[in-house]
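Note on naming: letters A, B, ... go to the chains in the order of the sequence lines (proteins, then strands), and numbering restarts at 1 for each one.
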2 protein chains.
Amino acid sequence: MAAAVRTSVWLDGKTTRSRKTSQPATGLDRQKITEATVRLLDAEGAAKFSMRRLAADLGVTAMSVYWYVDTKDDLLELALDQAMGEVVLPDESVDDWRTHVRQLAVNYRKLLVTHPWVSPLVGEFLNVGPNAQLFSTAVMNVMKASGLSPRHQAGGLAAVFQFVYGFGTVEGHFLDRCARAGMTQDEYFARAMSAVSLNPGLDAMMEQSRDLMEARGGETVEEMRDRDFDFALEVLFAGIEAMGGRPGPSTP
Amino acid sequence: MAAAVRTSVWLDGKTTRSRKTSQPATGLDRQKITEATVRLLDAEGAAKFSMRRLAADLGVTAMSVYWYVDTKDDLLELALDQAMGEVVLPDESVDDWRTHVRQLAVNYRKLLVTHPWVSPLVGEFLNVGPNAQLFSTAVMNVMKASGLSPRHQAGGLAAVFQFVYGFGTVEGHFLDRCARAGMTQDEYFARAMSAVSLNPGLDAMMEQSRDLMEARGGETVEEMRDRDFDFALEVLFAGIEAMGGRPGPSTP
DNA sequence: ACCTGAACACCGTTCAAGT
DNA sequence: ACCTGAACACCGTTCAAGT
């Protein structure tokens, strides 16, 4: 007989486990537990999150949570999909596909930055909860409108959204490090740069970095990152058009 | 006084902690410990890795490792940089920049896929070890040769290598899941698809997926992914060229 | 200089028991 | 139906002690 492999809460999990009694003892609830999880992950980070910590936050014993959720991983999947629901999807009845892609890209980036714990989970789990599926559908629809041939849509989609995933992931982690170290982004950046420059035998590396910094002008770290993100999106749009996508409204 | 914030083994860590005695008691060594760590992470995954597990593998008591390494995080940073060293860098004296970028992209993807534990660490740590710096230097050099203006090189770099990071990350995790479930990629994929299709109220979503699958033809999951990756790289090259990069050898 | 053992403050999860 | 307490098999790390 086939091995009982667990794939996801959404696929193998028991249905909702919602409360059956009208007079609850503690007022607990899958939704409430998920919300508390997201709140704790935001506030204290994934490293500090635990079932016991969560239970304490809910004013309940550690094991009560297990009535509503099978494992910690299941709970993380629920939190992941909850967060995915924050990505606002474009209204496809207006504007062109570039605007839609940009909106999705910007909003997906925002999700990864405001919830740095999300990106490891996206990699780790199948991410097929209801909100994730709405997001996927929106992404696929928007690529359909790109003018790329069906054969090429998946590749174009990957180019754009894996880029955003990578970009938002390192950005989110960096912001997280800054916050936990109690520094601004620019302070942390300067500190890391100067520490690196103290290392021996890295003249070539440092030269590169310095050149790049100067070329970027005197902006803040955040401004540079925003500009890099915007330019990368322009590269992707131009590339999709060159590979058979619908031309933009104005390509001067 | 400034807070004593730990940034990285490479920046704040004690230097090398190499052995001073000629007659070692156990033959332990930073390098040996790092290699054992990589081997265990590959074989059993990040979730199962622990200092105690590592010590057992080295035939030593759990706390011996702490003589060579301050914390588990430091050890993970060492393992990360060790893995980064596997990315073979292009010989920049031959071929054009596209070939170099492609080589770096393909090799970086390979790293992320063969060591799925690497990608969370890339996000989590500064990744400024010696091998990481060699990699960064190579990436920056190669972008310099792209013909993009200095102002735009960082954005172009992000577009390409954050894409590869995202792509390799989800690919690596997927392969990992398949291996641990004892299924082939195609089996696992079919299973997930059919499980998703059992969910209620997802007709629109499924329709999309089915269309996409048919458009992809009857290839295996691996073939589809390779094709998507190659096409995405073509999109990026075309986009970089359109935004001011050096034209390719032949653009028919 | 290098390694050990005991101990501390944690984990996720199981299970029998309560109401 | 829902919640608790005790227990099991783990963690990372500290610290005093050994050689």
- Task: Counting Watson-Crick and G-U wobble pairs only, both distances under 3.5 Å, name the nucleotide matched with D/dT14, or none.
- Result: C/dA6
- Message: Whole angstroms only, please: what is the CG-C1' distance between B/Asp74 and D/dT13?
- Response: 13 Å
- Counting distance only, does the side-chain N/O of A/Asp81 pair as donor-acceptor with the main-chain N or O of A/Ala132 below 3.5 Å? yes
- In whole angstroms, the gap separating C1' of C/dC11 from CG of A/Leu75 amounts to 15 Å
- Task: Would you kindly give the CG-to-C1' distance between A/Leu58 and D/dT4, to the nearest whole Å?
- Result: 15 Å
- Return the value, rounded to whole Å, for the distance between atom CZ of A/Arg52 and atom P of C/dT14. 13 Å
- Item | Contact under 4.0 Å: B/Trp67 side-chain N or O vs C/dC2 OP1/OP2 | yes
- Task: Quick one: closest heavy-atom pair of A/Ala158 and B/Phe163, and the distance?
- Result: O-CD1, 3.5 Å
- Task: Report which part of the nucleic acid A/Met51 touches: base, sugar-phosphate, or nothing (heavy-atom distance under 4.0 Å, all strands).
- Result: sugar-phosphate
- Query: OH of A/Tyr68 versus P of C/dT13: gap in Å, rounded?
  - Reply: 18 Å
- Message: Within the 3.5 Å criterion, strictly below it, is a donor on B/Thr220 or B/Gln185 matched to an acceptor on the partner's side chain?
- Response: no
- Item | Nucleotide forming a Watson-Crick or wobble pair with D/dA1, both distances under 3.5 Å | C/dT19
- Quiz item: cation-pi between B/Arg109 and B/Phe229, 6.0 Å / 45°: yes
- Message: Please pick, from C/dC3, C/dG12, D/dG12, the nucleotide with the shortest atom-to-atom distance to any side-chain atom of B/Tyr66.
- Response: D/dG12
- Message: With a 4.0 Å cutoff (strictly under), does any side-chain N or O of B/Thr61 reach OP1 or OP2 of C/dC3?
- Response: no
- B/Met63 has a side chain; which of D/dT4, D/dG12, D/dT14 sits nearest to it? D/dT14
- Query: Would you say the side chain of A/Arg225 lies within less than 4.5 Å of the side chain of A/Phe167, judging by non-hydrogen atoms?
  - Reply: yes
- Query: Could you state the CG-C1' distance from B/Leu54 to D/dC11, rounded to the nearest angstrom?
  - Reply: 14 Å
- Item | Protein-nucleotide distance (B/Asp70, atom CG; D/dC15, atom P), rounded to Å | 13 Å
